[in-house]
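A short write-up of the structure that comes next.
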Amino acid sequence: MESFEFSTELVPGLPNELGLECLTRLPYTAHRLASGVCHQWRDLFQSPDFHYHRKKIGYTQKVACLVQAFSGGTVNGPKRPGELPSYGISVFESLNRGWYRLPPVPKYPNGLPLFCQLASCEGKLVVMGGWNPVSYDPVADVFIYDFTTQQWRQGKDMPSKRSFFAIGACSGRVYIAGGHDENKNALRTAWVYDLRKDEWDQLGELSKERDECEGVVIGEDEFWVVSGYGTERQGQFDGSADVYEFKSGEWRVAEGIWEPGQCPRSSVGIRKGGKLMNWAELNTAVRVGARGIMLGGRVLVTGSEYQGGPHGFYMVEVKEGQIGKLEKINVPDEFSGFVQSGCFVEI
C-alpha cells in the first residue's frame, strides 16, 4: 500500500488507506463504471500495482478464458461444408459459475485467429499467433484484453509468425517457445514479451525442435516447454521438456516427464509421481479433447467421451496433489461448444 500516492482524497471524508480498501473490495465487473468517477480512480483501477494489491489481500476473482467454437459453429450464419468453425472467447466465473463472452477482437470481427494461444498477465488476457480465419495464413498478431476498460488493444507483433507453440506467463511477462513457422518447420527458439514495455526479447534456444509442444508455468519459478516433435519426426511426441528458470535465466532439460507419443496440447495437468499428468486420464468422460484450466484449488475440465461426441464440462478439486472426482456442471447451450484451448485469469 506504501507504493500508492494520491493527490487528493480517494473517497471524500475518508483517510486514503480506508478509501483504498473500499475500492479494493469492488468486484472487477464494476471497475469500468467506477473508472468514470474521476481520473484518480481510473488511474488506480488500471494500475498493475492495484492488481497485485487486490491479489495480495484476496480480492481478485478467478476466471477461465476459453477459445471456444461458437454454438452452431459460426458468427455470421452457417459455414460451408469443410470450413472450420469460428471461435470466440468465453469466460467462466468460478465463484458464481456464470458465463459470458468477450467482444470480438476488432481486427477479426468474425472470429479469432484459428489455433491462437492465450495467456494471462497482471489481470489481463493476452492472445497471440494462430492462423488468419479467412486465408488460413499464419499471423504474428498480439492482442491484450483489459477487463477494467473492457476493451482490446493491439500489442507489438511476435518476432516471427509461428503456430502450435508453448506459452506461459509470470510477473508481467509472457513466454513463448517452439511451434512451427509459416513453412511448417519446427522451431527451437524462445522469446519473452514484456506487457508493460510492449517489447520482445529472445531467450536463447531449446535443446531440440518442439512443434505442438505445451507451455506450463510452475509457481513463479519455471516455464516448462513440454514434449513436441521435430520437423523430421512429425507426430512423434517426445517425453522430455525444456525448462527455463526465471531467476537464473538458464535452460535445462527434464527427461521422462510426459508419456511419449501423446499429444500434450492443452492436456498437461499437475505433476504427479514425477510426471505431468494428462487430464484425459481423469475419466473416460473426457478422454477425447481433454482440456484443464486451474482455478485455484479447483480445475475446470472439458472434453468428450468419444470422437465427435458432445462436449462435457466438469469441476474437480485438487488438494495436496490428490485429485477428486469429476463433478458435471450445467452449461448454457451457447457455451457448450468445443474448447480448443484456454487459460486462467486472476482479475
Side-chain angles (χ1 to χ4, degrees), residues 64-75 78-92 94 97 99 101 111-112 114-118 130-131 133 136 163-164 211-216 226-229 234-239 258-270 272-273 275-295 298-318 322-344:
C65 290
L66 311 175
V67 176
Q68 187 175 43
F70 287 101
S71 181
T74 89
V75 181
K79 290 277 189 182
R80 294 189 298 271
E83 282 190 295
L84 295 175
S86 296
Y87 288 84
I89 295 177
S90 302
V91 180
F92 171 67
S94 60
R97 298 198 176 182
W99 292 83
R101 185 162 284 135
L112 288 168
L114 302 171
F115 310 114
C116 61
Q117 299 284 56
L118 302 187
W131 299 355
Y136 299 163
S163 307
F164 298 96
D211 195 4
E212 291 198 57
C213 50
E214 180 70 359
V216 182
V226 180
S227 191
Y229 52 81
Q234 290 289 317
Q236 299 180 44
F237 289 96
D238 187 78
W258 185 253
E259 189 66 33
Q262 287 189 359
C263 176
R265 300 298 299 159
S266 300
S267 298
V268 178
I270 62 172
K272 189 176 181 181
K275 284 194 173 185
L276 290 166
M277 192 193 73
N278 189 331
W279 292 121
E281 298 170 357
L282 278 180
N283 193 291
T284 57
V286 294
R287 63 183 172 186
V288 176
R291 306 287 185 267
I293 311 295
M294 299 289 294
L295 295 167
R298 310 196 80 195
V299 184
L300 172 67
V301 180
T302 72
S304 302
E305 186 173 359
Y306 53 90
Q307 195 71 38
H311 217 59
F313 294 78
Y314 307 85
M315 295 296 291
V316 60
E317 289 192 9
V318 178
Q322 299 300 311
I323 302 172
K325 294 182 179 180
L326 292 183
E327 173 200 350
K328 188 174 180 60
I329 60 176
N330 295 320
V331 177
D333 288 343
E334 61 267 34
F335 297 101
S336 62
F338 170 73
V339 175
Q340 189 174 88
S341 61
C343 75
F344 155 80

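The basis for the numbers below is simple: all heavy atoms, side chains too, and nothing from hydrogens, waters or symmetry mates. Not measured: the values here are computed from a predicted model.
Contact check for Leu300 versus Tyr314: no side-chain heavy atoms found under the 4.5 Å cut-off. A heavy-atom distance below 4.5 Å is found between the side chains of Ile329 and Arg97. The closest side-chain heavy-atom distance from Phe237 to Gln262 is not below 4.5 Å. Using a 4.5 Å heavy-atom cutoff, the side chains of Phe115 and Ser163 are not in contact. Here the side chains of Pro260 and Asp238 are not in contact, with every heavy-atom distance at 4.5 Å or above. Taking 4.5 Å as the limit, every side-chain heavy atom of Lys328 sits out of range of all side-chain heavy atoms of Met315.
Judged by distance alone, with hydrogens and angles left aside, the side-chain atoms of Arg287 form no donor-acceptor pair with the main-chain N or O of Ser304 at under 3.5 Å.
Taking every heavy atom of both residues into account, Leu118 and Cys343 meet most closely at CB-SG, 3.8 Å. When all heavy atoms of Ile89 and Arg101 are compared, the closest pair comes out as O-CG, 3.3 Å. Across all their heavy atoms, Ala64 and Ile293 have their closest contact at CB-CG2, 3.8 Å.
Note that CZ of Phe338 is 6.0 Å distant from NE2 of His311, once rounded to the nearest 0.5 Å.
Trp99 and Ser90 share no side-chain donor-acceptor pair at under 3.5 Å.
By the salt bridge (Lys or Arg N to Asp or Glu O under 4.0 Å) test, Arg298 pairs with Glu327, sequence neighbours left out. By the side-chain contact (heavy atoms from CB on, under 4.5 Å) test, Gln234 is found to be paired with Tyr229, residues two or more places apart in sequence or in another chain being considered.
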